[in-house]
Each structure stands twice: as structure tokens, then as C-alpha cells.
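This structure is in C-alpha cells; I'll ask about it shortly.
This one's a predicted model, so the numbers in the text were calculated from it and none came from an experiment. Below, all heavy atoms of this structure are taken into account, side chains as well, without hydrogens, waters or symmetry copies.
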Amino acid sequence: MIIGLSPEAIGYATIVVVAIVLEMYIWRRRTMPGSRYFSWLLAAMSFWALTCLLELAVSDQFLLNLVIRLQYLAVTCAGPLWLLFVLDYGYHSRWPITGRVHWIWVVPVIASLMALTNDWHGLIWPRTGADLSILGHGVVLSINLVYTYTLVLAGFILMLLTAITSYKSDLRKAVTLLAGTMIPVASSVIYYVGLAPAGIDITAPALTATILIYAWSIFGQRLFELVPVARELLVSSMADGMLVLDKDGLLADLNPAALKLLGITEASLGRQADDALAKWPGLTEYIRSGDDTPAEITIGDSVWLDVRISVISDGKGKYYGRLVSLRDITAHKLSEGAITRSNESLRAEVAERKQAEQALQREIAVRRQTEERLEVSLKEKELLLKEIHHRVKNNLQIISSLMSLQISGMTNEVASASLKESQNRIKSMALIHEQLYLSRDLASIDIKSYIQSLIVYWTRSYVTRPGLAITADIEDISLDIDTAIPCGLIINELISNSLKYAFKDGQTGTIKVALVRDGDMYRLTVSDDGVGLPPGFDFRNTTSLGMQLVVTLAGQLDGVIEHPEGPGTTFIITFGKPGA
């Protein structure tokens with residue numbers, strides 16, 4: 001098998017080598033839009049060119065027919081791969097390629113299978129001869145040819161739209177792709193309609209031209225280094241407006257966001273920026289100044305723009321024009337204004353609160369001073385009250401001492417006994433004032449301490465024989481002076497009666513005093529284990545001054561007095577809480 005160095009063979013070999021190099025180069029950049037399908041399209045071209053080389057070299061008829069069938073497999077891939085490349089290259093963001101798009105492979109796959117099995121049905125090439133290279137076209141081949149041209153035409157139209165909508169600096173790349181693709185399509189049409197010069201196959205030179213154009217676009221125009229459509233979509237979808245001014249100040253280009261922000265049309269392209277943007281004198285003045293410092297400019301009455309100008313130049317410092325970016329900061333300015341107003345309101349509120357706080361501090365200071373004065377006054381009054389209680393106690397003691405002097409000089413025992421009882425009552429009241437003088441709380445008296453002091457007084461003064469005792473069972477209770485004095489006098493009278501009448505002829509015994517709390521009530525009990533009251537004695541109706549005082553004092557307490565039956569004598573006085 002020998003391949004001659006004919007122009008046709010050289011063309012096919014060029015296609016194989018260049019297509020493989022391009023395919024490997026693009027495959028490393030397969031993440032770029034369209035690069036994957038373009039790489040496969042180049043692989044199909046290199047495979048087709050390789051089979052064409054084999055066709056020139058093979059002399060065996062069977063191998064020749066096999067090569068032609070394999071060659072047809074590459075031909076069926078051209079239409080789908082071209083359309084998929086165009087879709088992924090220019091429309092991947094709008095029409096992403098999904099599984100449904102791959103239904104375009106149904107017809108090529110069927111045609112390829114029928115090409116491999118043509119000997120059975122003859123629908124690709126008629127079975128009238130053994131040499132497929134000189135056979136005509138079958139029905140399925142014609143159908144697949146129309147289908148392939150349809151896909152190529154659809155891709156051509158979409159690529160044409162891409163070229164039209166591309167930015168001016170990248171338009172050449174899209175046009176180059178169209179030119180490179182249409183050369184083999186045109187040569188194929190010329191071949192199939194019989195317009196090719198006799199004996200000349202223009203397919204090889206056409207595809208050689210295509211692969212060389214592709215190579216120039218990929219390496220020269222850096223096709224997959226910066227995809228124009230991707231940039232087009234990016235710039236077109238930007239929220240910021242973009243204006244391109246050439247070196248003469250003409251409006252060379254602008255994106256949809258700029259059209260919307262400025263309210264102009266594409267008819268403004270090619271005009272001087274001052275004329276095209278005449279409605280916005282602040283913007284034109286800033287552009288004319290050439291200042292590259294960012295500025296905030298208002299357009300109309302309610303739109304704020306952040307404007308920045310960048311110089312467009314090449315790496316050698318050659319000046320081409322300026323890029324003006326426009327960012328709508330109206331919402332930011334409105335928010336900023338709202339925040340400023342809110343801050344001012346907050347400052348005013350803080351100032352008011354500070355004033356209120358200062359007024360409150362002054363009021364607190366005044367109240368503190370008032371409280372301090374009240375506290376001093378209260379202490380003075382407490383000292384005064386204590387002094388009063390002290391003097392009252394002293395006065396009562398003086399009265400008691402005077403009565404003692406009077407009693408010592410009296411010969412009438414009845415009168416002496418009466419004065420002695422009065423003296424005991426005075427002593428009981430004096431003890432109350434002594435307790436208040438010694439207490440921290442002038443409003444209440446520790447009744448337990450008071451009664452115990454009263455019992456000590458009675459024990460020291462009147463219990464002179466052994467076997468006679470006075471005991472107390474008092475809970476920790478505080479009473480005011482208006483309650484404590486009647487309680488003390490009642491206890492004083494009942495202890496006095498027990499000492500005088502309960503124990504005859506040196507009889508021993510015990511006098512018990514108890515005061516307990518029962519819910520909201522108090523229960524005072526004074527009892528002895530002496531002889532008891534005489535039968536039929538009515539303590540409520542008696543001439544005894546002591547019992548009359550007990551009944552009267554119990555009434556002052558709003559209390560109830562009871563005299564239960566039993567050994568000895570017991571009196572129970574139940575009264576409520578003071579103030580209840």
C-alpha cells in the first residue's frame with residue numbers, strides 16, 4: 001500500500017495533521033463554550049481525511065469498500081457536531097444542551113448503520129456494482145444529505161445571528177468561523193449538483209482551506225482564549241451601563257444597561273458623546289474633563305450614577321478611546337438619605353433622652369437630698385421619741401418611788417394595798433416605755449422580752465417563798481404600743497390576783513403566762529394551779545377593780561375573754577392582729 005505525493009494526497013495529509021494538532025490544543029480548553037464539540041468536529045475531519053488517504057492507497061476492492069463505508073461515518077457526524085458547536089458556543093446560557101438535543105443523532109446513526117449494511121438493502125449506494133467509489137446515491141444517502149445540510153444551515157443562521165450581535169472587535173472571529181464552514185459546504189453542493197470541473201475533486205482543497213482558516217482563527221484570533229459570545233452575554237447582562245468612546249470622542253458602543261439608564265437608543269452610535277448625551281450635561285461635562293477619578297452624578301431629578309472612566313490603550317501606550325462605566329446608585333443614595341434622616345432622628349431622640357436623663361438625674365439628686373433630710377429628720381424624731389419614752393419611764397418610776405414613800409408611811413393596810421396595786425400598774429407601763437427606749441423599732445415592741453421583764457419584776461418583788469414560780473411560754477411576736485400596754489396590764493392584774501388568792505397558807509404552785517399566734521389571731525393565757533375561783537364567781541360582774549380592768553382592757557383589744565372550768569384558775573384572751 002503506497003500513497004503517492006499527489007496534490008490531493010498532500011491536501012488530505014495536511015488536513016489530518018493540522019486537525020489533530022488543533023483537536024489536541026482545543027481539548028485542553030474544553031471547559032470553554034463550544035470547544036468540546038469543535039474538538040470532536042475536528043476529530044471527524046481528521047478521520048475523514050485519513051480515510052481519504054487510505055482510499056488513494058488501497059487497491060483491494062474489499063478494503064476499498066470498507067474504507068468508503070468508514071469515510072461515510074465521519075461525513076454523517078459533520079452536521080450534528082457543527083450545530084452542537086454553534087449552540088454551545090453562542091447560546092449555552094439561553095439554550096443549554098440537554099439530553100433532548102441529542103435526538104439530532106438519530107438520522108446520522110441510522111444512516112451509518114445502513115452504510116455498514118448496504119450490501120443487504122442498497123439504500124445508501126445502489127448494489128448494481130461492486131465498486132462503491134463509482135456508485136450513485138441511494139434514497140437514505142439523499143435523505144441524510146438533506147438532513148446534514150439542514151443542520152449546517154441552522155448552525156449557519158445561528159452563527160450569523162451571533163456575528164451580528166457580537167461586539168465590533170470580535171465580529172471578525174464569528175465571520176471567520178462562518179467562512180471556514182461554508183467553504184466545504186459550497187464545494188460539496190457544487191460536487192453533488194455536477195458543477196465541478198471535469199476530473200477535478202475540489203473537496204480536498206476546500207477542506208484544506210477550511211482547516212487552515214480554523215487554525216488561523218484558533219491561534220491568530222485566539223478563538224477559545226476569549227470567546228466573543230461569552231463576553232457579549234456577560235456585557236449585555238451587566239447591570240452596570242457601559243459606553244465606549246473612540247479617540248475622537250464618538251460614541252462607538254454601549255450595552256443595554258446604558259440604553260436603559262440614559263434613555264437613549266442605538267441611533268446615538270457614531271455621534272459625538274456631547275450630542276448623544278446632551279440631556280445629561282453633568283455627565284458630558286465629566287466625560288469632557290477627562291478626569292479618571294470616580295464621580296457621583298445625577299441625571300434627571302431622581303437618578304444617581306457612579307461614573308468611572310478608564311482609558312483604552314494597547315500594551316505600547318497607543319490610545320484608542322475611553323470606557324465609561326455607569327452604575328445606578330439611586331437605591332444606595334436613597335438608603336443613605338434615609339439612614340442620614342434616621343441618624344438625625346436618632347440624634348434628636350438621644351439628645352431628648354439625655355435631657356430627660358439629666359432632668360431625671362437632677363430629680364434623683366433632689367429626691368436623694370430630700371431623703372437625706374427626711375432620714376436626718378427621722379433620726380432626730382426617733383431620738384426625740386426615745387427621749388420622750390425615756391422621760392416617761394423616768395417620770396413613771398418617780399411616781400412609783402413617791403408611791404413607795406407614801407405607802408411606807410401609811411398605817412391603813414387597805415389603802416396601802418390599793419396604792420401598791422396602782423404602783424404595779426405604773427411599773428408595768430414603765431416597762432413598756434423602757435422597751436421602746438431600748439428598741440430599734442419605735443413602732444413595735446418585742447412582746448416576749450417585755451413579758452419576760454414583767455415576770456422578772458414580779459418574781460423579784462413578790463415571790464418570796466420557795467415552791468412558788470412564774471413561768472412564760474411566749475412566741476416571737478411584735479406588737480404596737482397600743483396593744484402591748486393593755487396586754488401588759490392584763491398580765492399584771494391576773495398575776496397579782498393569782499399571788500393574792502390562789503395560794504393559801506404557804507401553798508406552793510406555778511403561775512404560767514403564754515402568748516401564741518393562731519393564724520391572724522393572738523391567744524394570751526394566764527393560769528395557775530392554785531385553789532381556783534369560788535363557786536358561782538362571775539368575773540364579768542364583780543366589785544374587784546383588778547377583774548374590772550381585765551374585762552375593760554380585753555374590750556380595748558376587741559378581744560374575747562374566757563374562763564374555762566378546771567383545776568386552778570385560767571383566763572384566755574383572744575384578740576386580732578393590730579390594724580387587721
Side-chain angles (χ1 to χ4, degrees), residues 12 15-16 19 22-23 26 33-52 68-92 95-116 118 123-125 137-163 174-193 201-204 206-211 213-214 217 223 229:
Y12 289 141
I15 294 172
V16 171
L22 295 179
E23 176 191 355
I26 297 173
S35 59
R36 187 184 303 270
Y37 296 106
F38 200 78
S39 177
W40 291 341
L41 179 62
L42 292 174
M45 289 179 64
S46 64
F47 182 77
W48 176 85
L50 181 61
T51 56
C52 288
I68 292 175
R69 286 186 175 92
L70 294 176
Q71 186 182 106
Y72 187 71
L73 298 181
V75 173
T76 59
C77 295
L81 288 175
W82 165 251
L83 180 60
L84 290 173
F85 158 69
V86 173
L87 289 174
D88 194 39
Y89 178 76
Y91 302 90
H92 64 278
W95 303 330
I97 296 176
T98 62
R100 289 181 296 179
V101 177
H102 292 297
W103 282 100
I104 62 175
W105 287 100
V106 172
V107 172
V109 169
I110 293 175
S112 298
L113 293 175
M114 298 192 76
L116 295 175
N118 185 75
L123 294 176
I124 298 295
W125 302 283
H137 301 162
V139 176
V140 175
L141 189 146
S142 298
I143 293 173
N144 184 62
L145 186 63
V146 172
Y147 180 75
T148 299
Y149 283 160
T150 301
L151 295 184
V152 171
L153 179 62
F156 177 82
I157 294 173
L158 292 175
M159 181 58 74
L160 183 61
L161 292 175
T162 299
V175 172
T176 300
L177 286 175
L178 284 174
T181 303
M182 293 314 298
I183 289 175
V185 173
S187 68
S188 177
V189 171
I190 292 173
Y191 175 78
Y192 280 109
V193 299
D201 186 358
I202 62 175
T203 303
L207 279 177
T208 302
T210 294
I211 201 67
I213 290 174
Y214 282 170
S217 178
L223 176 65
V229 179

Next item on the list: Name all residues meeting the side chain to side chain contact (heavy atoms under 4.5 Å, CB included) criterion together with Val107; count only those two or more places apart in sequence or in a different chain, and write none if there are none.
Entry: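 Testing Val107 for side chain to side chain contact (heavy atoms under 4.5 Å, CB included), a comparison that skips the adjacent residues, returns Asn144, Tyr147.
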Note to self: For a quick test of reading the model, state the closest non-hydrogen atom pair linking Val16 to Leu50 and the distance between them.
What the structure shows: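 Looks like CG2-N, 3.5 Å.
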Item checked: For Ala44, side chain to side chain contact (heavy atoms under 4.5 Å, CB included) partners two or more places apart ->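 So Ala44 forms a side chain to side chain contact (heavy atoms under 4.5 Å, CB included) with Cys77, Leu81.
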Notebook entry, point to check: Atom CE in Met45, atom CG in Leu41: separation rounded to 0.5 Å?
Noted result: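 So the CE of Met45 and the CG of Leu41 are separated by 6.5 Å.
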Notebook entry, point to check: Atom CG of Leu73 and atom OG1 of Thr51: how far apart are they, to the nearest 0.5 Å?
Noted result: 9.0 Å
Notebook entry, point to check: Sequence neighbours excluded, which residues qualify as side chain to side chain contact (heavy atoms under 4.5 Å, CB included) partners of Leu113?
Noted result: Val109
Check: If we only count heavy atoms from C-beta on, is the Leu84 to Trp105 side-chain gap below 4.5 Å?
Finding: yes
Note to self: To the closest 0.5 Å, what do you measure between CD (Glu23) and CH2 (Trp40)?
What the structure shows: 11.0 Å
Check: With sequence neighbours excluded, what pairs up with Phe47 under the ring-ring contact (aromatic ring centres under 6.0 Å, His included) test?
Finding: none
Note to self: The test is side-chain contact (heavy atoms from CB on, under 4.5 Å); show your working for Leu158 and Leu83 and say whether it passes.
What the structure shows: CA-CA 9 Å; Leu158 292 175; Leu83 180 60; 4.1 Å; yes
Check: With sequence neighbours left out, what residues match Thr148 under side chain to side chain donor-acceptor pair (under 3.5 Å)?
Finding: none
Next item on the list: Mind checking side chain to side chain donor-acceptor pair (under 3.5 Å) for Ser112 and listing every partner two or more places apart, or none if nothing turns up?
Entry: Thr76
